[in-house]
Every structure is written in C-alpha cells, then in structure tokens.
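Comments concern the structure below.
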Amino acid sequence: PMGVCPSARMALLRDNFTGLLNPWARPDVLTCTSWGAPIIWDGTFDPAAAQQKALQQNLTIGLTVFAVGRYLEKYLARFLETAERHFMLGQPVVYYVFTERPAAVPRVVLAPGRRLRVERVARERRWQDVSMQRMHTLHEALGGLLGREAHFVLCMDVDQHFRGDFGPEVLAESVAQLHAWHYHWPRRLLPYERDARSAAALAPGDGDFYYHSAVFGGSVAALRGLTAHCARGLQRDRERGLEARWHDESHLNKFFWLHKPAKVLSPEFCWSPEIGHRAEIRQPRLLWAPKEYAALRD
Ligand code: UDP
Ligand code: MN
C-alpha cells in the first residue's frame, strides 16, 4: 500500500514528540495508517526537533533487552555499544538487561545520564519459552523500578545492533514496528495465528500490518496493558496445550489489532540486511544479525 492517508492530506500530522510530521516528504511509501497514526519514515520527521522537545521534557527512556544463554556472549556487547552511539543521544536512558548470569554482562562505558541495571531471570529450557516469558517479566518490571524511573520504554530483541540514530521521534503512547520481511505482503498472506482456539488468533480479513516483536514500546501505562494482555494470552494457550505460530509475536499482533498503535515505525527502524537493497529503505537504524539458530538454540 502506497500513498498518504486521507486524514493527512489536508494538514501536517501533529506529533507530541517532533512537533510536526510531514507525511508528504515520502510519496513513495505509506506514511499514515487508516486510523490516523503516523508511519514514520526517514524524511517525514525532524530528528533535531524531536531531540529538542524531548530534552525540554526531561524524559527518561527505558530500553529493555533479554540476553539469556548463548545470546549474552553473542550479541549483548555490540547491542549496548552501538546503543551508546545511536539510541536517544543526549537523553536520560536506563538500560534493563534481563539475564540468568548477571556477572557475565559486559561492562560497557556509558555516557553521563545513562545507567544500566541488570535483572536476574530464570533460564527457560526451550528458546520459545525464553522468548514468551519476556512478556510476563516485562510486566513485572514495568510495575516496579523500571516503571517508576522511565516515562517511555522500548523493548527490543538482542540479536541486532544500531546502525543509525534512533531518537525520541519514535516515542508515542504505543509504538509498533513494521516487520521488514512482511511490510509489502498482501494482508491475507501475513503470518498471523489462524487457529481460532488460540488467544492470538486473527479471523480471516482481520489484521492491519504484521508487526515485529523485536521492537515495541510506549508509555509505562500502555506497556503495562500490552504485556498483561500478551502474558495472559500466552498463559491461556499454554493451559490448553497450544503455542501460537510466532509465539509472543503472534500475541503482540493480536494486541495491536485490538488496540491500534499510536505510532508505527517503518522497516528502516529494524531492517534485515539479508533482504538486500530496497529503494525506500534510506537509513536503516537497527540491523538484524544473521540467524544462527543452530549455534544458539539447543
Ligand atoms: N532470547 C534469549 N535467549 C534465548 C532465546 C531468546 O536471550 O535462548 C531473547 C533474545 O533477546 C532474543 C529474543 O529473546 O533476541 C527473541 O528470540 P530470537 O531473537 O531468537 O527470535 P526471532 O528474532 O528469531 O523471532
Ligand atoms: Mn530476534
């Protein structure tokens, strides 16, 4: 789907975090959802204006990441080092690293105003369970210290690194990431859970976009609701002996179908280099690591 949405045709999109968004700057892509939320692409926002606004509001931004088992040695150092170069520069940031081995977390030098907290989690036996357990763990953390010290939180996979600036232009009450592999697919082919017995199921014809669970975020209150919904759905499925097609991501997609995100990030924000060149991908901000499942998953 291409083109600016009807509600954006008459006016620039007002945005709390950038002032104004210019949806016309990118006539090559869809810059607004059917419910009026901006889809931010390079060129539609002013990163300097977003930074200025965020500094005025003195927002503390949380960034959560899980590094359990071999994912810790493999990815965490690069994720954090590149975050120091690109994530919310000049802004108070608190990293939350969840791992079963706090002592093995690399000591990354942090700029002033930035802190790192390590939270111990149990190591689940199956990688799917590590991934799914995140919703419950995040829910608890958001109800505790993280929720008290951060205004907005981004929740990310660790198997990626920052390549471009990822600043306060991404902030909104709730934020969803377009999946790099699926953003141009016809809706009926999107890999939603279709088994009606699952809490994550979408009926035929339902669904707006396919969102990637490697990046989602929002205000603490919105994320409390999101994580509660997903953790509940995951638990309900488990009790019925079900597991949704893409695990926690399926439940996240169900949540965003029911509760539309206030802002959508273009695939530039979380890009897979394996896809190759795409004219509309001007400035990738996060890059996925190649999938090395054999070496990482038992
Ligand atoms: N994860 C982890 N250890 C594991 C499995 C998963 O730390 O054994 C965390 C890690 O942050 C990872 C995320 O859960 O990025 C999601 O898993 P993965 O990236 O393997 O899923 P995919 O991106 O392939 O859907
Ligand atoms: Mn991943």
Side-chain angles (χ1 to χ4, degrees), residues 62-83 87 95-106 108 116-141 146 153-163 166 176-183 190-193 200 210-217 223 226-227 230-231 234 243-256 265 267 269-275 284-298:
L63 174 55
T64 69
V65 70
F66 287 69
V68 172
R70 275 169 282 178
Y71 284 61
L72 194 158
E73 281 81 9
K74 183 101 185 130
Y75 301 117
L76 184 59
R78 193 175 190 196
F79 178 87
L80 293 172
E81 282 160 12
T82 57
F87 183 76
Y95 297 102
Y96 271 73
V97 174
F98 297 89
T99 180
E100 86 286 19
R101 284 175 297 142
V105 171
V108 175
L116 188 147
R117 299 195 189 279
V118 182
E119 301 273 316
R120 187 191 293 274
V121 293
R123 181 175 183 176
E124 304 291 333
R125 202 170 44 80
R126 297 165 61 245
W127 65 265
Q128 296 93 329
D129 289 328
V130 175
S131 187
M132 292 189 288
Q133 190 58 28
R134 290 184 294 174
M135 289 295 183
H136 178 73
T137 305
L138 287 171
H139 185 72
E140 306 245 288
L146 169 61
V153 178
L154 274 298
C155 306
M156 294 193 188
D157 272 14
V158 75
D159 58 338
Q160 51 190 348
H161 65 271
F162 291 87
R163 168 57 60 82
F166 200 111
Q177 171 67 54
L178 290 183
H179 196 292
W181 284 98
H182 300 298
Y183 69 97
L190 295 175
Y192 299 125
E193 174 58 51
Y210 190 77
Y211 303 113
H212 193 183
S213 59
V215 177
F216 60 90
L223 285 174
L226 180 156
T227 51
C230 293
L234 286 157
E243 193 164 281
R245 182 166 176 190
W246 289 109
H247 318 108
D248 42 313
E249 186 168 86
S250 303
H251 292 269
L252 182 73
N253 272 278
K254 176 67 174 266
F255 178 84
F256 280 137
L265 307 184
F269 284 85
C270 187
W271 184 244
S272 167
E274 286 171 41
I275 295 173
R285 288 147 199 280
L286 275 166
L287 291 176
W288 308 10
K291 298 290 177 195
E292 295 178 64
Y293 292 144
L296 288 166
R297 294 174 172 174
D298 294 315

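Counting from 1, the numbers follow the sequence of the chain as shown. Both counts, for ligands and for their atoms, begin at 1 and track the order of listing.
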Point to revise | Lys/Arg-Asp/Glu bridge criterion (N-O < 4.0 Å) met for K291, D159 | key: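 Answer for the salt bridge query: yes.
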Review point. For atom 5 (C) of ligand 1, which candidate among F98, Y75, Y71 provides the closest heavy atom?
Key: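 Minimum heavy-atom distance to atom 5 (C) of ligand 1 goes to Y71.
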Review point. Do H179 and W246 have ring centres separated by under 6.0 Å?
Key: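 Judged by ring-centre distance (under 6.0 Å), H179 and W246 do not meet the cut-off.
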Point to revise | Pair Y75 and F79, ring centroids less than 6.0 Å apart | key: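 Ring-ring flag for Y75/F79: false, centres at least 6.0 Å apart.
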**Study point:** Element-labelled atoms of ligand 1 that are located less than 4.0 Å from some non-hydrogen atom of V158
**Key:** 10 (C), 11 (O), 15 (O)
Check your understanding: Near A67, which atoms of ligand 1 are under 4.0 Å from a heavy atom of that residue?
Key -> 7 (O)
Can you find a heavy atom in the side chain of [X] that is under 4.5 Å from one in the side chain of [Y]?
X: L223; Y: F216; result: yes
X: I275; Y: W181; result: yes
X: L72; Y: P106; result: yes

To check your reading of the model: name the closest protein heavy atom to [atom], its residue, and the distance in Å.
atom: atom 24 (O) of ligand 1; answer: Y293 OH, 2.4 Å
atom: atom 3 (N) of ligand 1; answer: V68 O, 2.8 Å
atom: atom 21 (O) of ligand 1; answer: R297 NH2, 3.4 Å
atom: atom 13 (C) of ligand 1; answer: R134 NH1, 3.3 Å
atom: atom 10 (C) of ligand 1; answer: F66 O, 3.4 Å
atom: atom 19 (O) of ligand 1; answer: D159 OD2, 3.0 Å
atom: atom 6 (C) of ligand 1; answer: V130 CG1, 3.7 Å
atom: atom 22 (P) of ligand 1; answer: K291 NZ, 3.6 Å

Review point. Run the side-chain contact (heavy atoms from CB on, under 4.5 Å) check on V121 and R134 step by step: do they pass?
Key: CA-CA 10 Å; V121 293; R134 290 184 294 174; over 6 Å; no
Review point. Short N/O distance, under 3.5 Å, between W127 and ligand 1?
Key: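 Between W127 and ligand 1 (N or O atoms, distance only) the closest approach is not under 3.5 Å.
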Review point. For ligand 1, is any non-hydrogen atom under 4.0 Å from R70's backbone (N, CA, C, O), its side chain (CB onward), both, or neither?
Key: neither
Point to revise | Proximal heteroatom of D157 relative to the Mn ion (ligand 2) (N/O/S) | key: OD2
Practice item. Kindly determine whether R70 and E292 satisfy salt bridge (charged side-chain N to carboxylate O under 4.0 Å, His left out), including the steps that lead there. Key: CA-CA 11 Å; R70 275 169 282 178; E292 295 178 64; over 6 Å; no
Check your understanding: Is the count of non-hydrogen atoms from other residues, nucleotides or ligands lying under 6.0 Å from R101 atom CZ greater than 12?
Key ->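 Correct, the count exceeds 12.
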